[in-house]
Amino acid sequence: MQALPMRSVLVTGANRGLGLELVRQLEEAERPPRYLFAGCRDPESPRALDLRNLAKRFSNIKVLKLDVDDYGNIQECADQIGKILENNGLNLLINNAGVYFGGDLSEVTPETMMKSYRTNAVGPMMVTKALLPALQRAAQLSDELKKAAVINMSSSLGSMELFDNKNEIPLAYRISKAALNMVTKCLANELKPHGILCISLHPGWVKTEMGGEKAPLSKEESVRGILKVLSMLSDKDNGSFLDWRGQRLPW
Ligand SMILES: NC(=O)c1ccc[n+]([C@@H]2O[C@H](COP(=O)([O-])OP(=O)(O)OC[C@H]3O[C@@H](n4cnc5c(N)ncnc54)[C@H](OP(=O)(O)O)[C@@H]3O)[C@@H](O)[C@H]2O)c1
């Protein structure tokens, strides 16, 4: 099975953390993507300075405003990508943007529940919907079935089978990632006839603003693993839940 081509890639939440590291390592690859779209909700803010500096050095990196909570903006961003790609199609969509709200039942609020659900589950689905024509185009460009993929950055905390009551219980986060896992299953089923794979991916517990200082994994190590897993994806992985080492996780 031919490896998934990474000629055109969109990473959401690309201004910091794992998203920025994904852009960095994709750019450092032996064959960097021709089009590397870096979605970021506020490209002009100080939080996007590192991404802007990276994009100044490499003309294939296009920084685009993409707030996954804003459906109008998602469509504008998809239109911009479509214009830049023309007939080339989008090979890889990495739905990486995410939010984390901690807290158990005594602390959870409707606002933290809804915000988590909107950003972590609804956002990835709507971004995929808006980019479907570009993903389909990439999948149609060749006889090979496996030419385009959607990667949903999930978490082992969203797994029901791995539920461990000794762990911290970030209710809103866990529930939103469990919902995202169902998004993966549904999209894997619906997009399969189009030759588009969809998987959930757990990046490990990683030192980022979200993961915190105690996390055992560096961004560099996690992303190296993720990109290796992505390069080896095949049809049999469609609709599965993998971690950064390529190990299957239970739902
Ligand atoms: N770190 C871990 O240990 C870990 C473990 C399991 C899963 N994950 C998952 O991996 C992904 C990346 O995590 P991370 O550790 O890199 O988190 P992070 O350091 O907190 O970065 C989160 C990124 O998402 C962006 N974002 C948040 N809401 C957004 C929105 N509405 N629209 C667009 N972008 C938005 C942030 O942008 P702003 O700068 O604008 O806020 C930021 O770029 C997340 O989905 C997370 O759930 C992380």
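Quantities reported herein were computed from a predicted structural model and do not represent experimental measurements. Below, each value reflects all heavy atoms present in this structure, side chains not excepted, and no hydrogens, waters or symmetry copies. Numbering of residues begins at 1 and proceeds along the displayed sequence. Note that ligands are numbered from 1 as they come in the structure, with each ligand's atoms numbered from 1 the same way.
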Which heavy-atom pair separates A130 from I74 by the least distance, and what is that distance?
CB-CG2, 3.6 Å
Is there any N or O on L18 that sits under 3.5 Å from an N or O of ligand 1?
yes
Closest candidate by heavy atom, reference atom 33 (C) of ligand 1, pool N15, T12, L66
L66
Indicate, as side chain, backbone, both or neither, the part of R47 found under 4.0 angstrom from ligand 1 when only non-hydrogen atoms are considered.
side chain
Compute whether any side-chain donor of one residue and acceptor of the other, for N88 and S8, lie under 3.5 angstrom apart.
no
Checking N60 side chain against Y35 main chain: does a donor-acceptor pair fall under 3.5 Å?
no
Any N or O of R16 that comes nearer than 3.5 Å to an N or O of ligand 1?
yes
Check K219 against ligand 1 and report side chain, backbone, both or neither, counting heavy atoms closer than 4.0 Å.
neither
Is there a donor-acceptor contact under 3.5 Å linking the side chains of D243 and S156?
no
From N96, D67, L217 - option closest to atom 30 (C) of ligand 1 by heavy atom
D67
Using a plain distance cutoff, I'd like to know if V99 has any nitrogen or oxygen under 3.5 Å from a nitrogen or oxygen of ligand 1.
no
Side-chain donor-acceptor pair present, Q25, E21, cut-off under 3.5 Å:
yes
Indicate the atoms forming the closest heavy-atom contact of K115 with F101, along with that distance.
CG-CE1, 3.3 Å
Does any N/O atom on G13 come nearer than 3.5 Å to any N/O atom on ligand 1?
yes
Which residue is it: N120, L171, T112? I am looking for the one with a side chain to side chain contact (heavy atoms under 4.5 Å, CB included) to S176.
N120
Backbone N or O of S59 within a donor-acceptor pair of the K62 side chain at under 3.5 Å?
yes
Mark up the atoms of ligand 1 that fall under 4.0 Å of a heavy atom belonging to G17, in ascending order.
16 (O), 19 (O)
Do the side chains of I94 and F58 join up, straight or via other hydrophobic residues, at under 4.5 Å, putting them in one cluster?
yes
Nearest heavy atom to atom 5 (C) of ligand 1: which of G204, S154, S155 does it belong to?
G204
Within the side chain of N91, is there an N or O that forms a donor-acceptor pair under 3.5 Å with the backbone of K147?
yes
Using a plain distance cutoff, I'd like to know if Y173 has any nitrogen or oxygen under 3.5 Å from a nitrogen or oxygen of ligand 1.
yes
Flag V206 as yes when one of its N or O atoms lies below 3.5 Å from any N or O atom of ligand 1, and as no otherwise.
yes
Among all protein heavy atoms, pick out the one at the shortest distance from atom 34 (N) of ligand 1; state its residue, atom name and that distance to 0.1 Å.
A97 CB, 3.4 Å
Do any nitrogen or oxygen atoms of K177 lie less than 3.5 angstrom from nitrogen or oxygen atoms of ligand 1?
yes
Do any nitrogen or oxygen atoms of T208 lie less than 3.5 angstrom from nitrogen or oxygen atoms of ligand 1?
yes
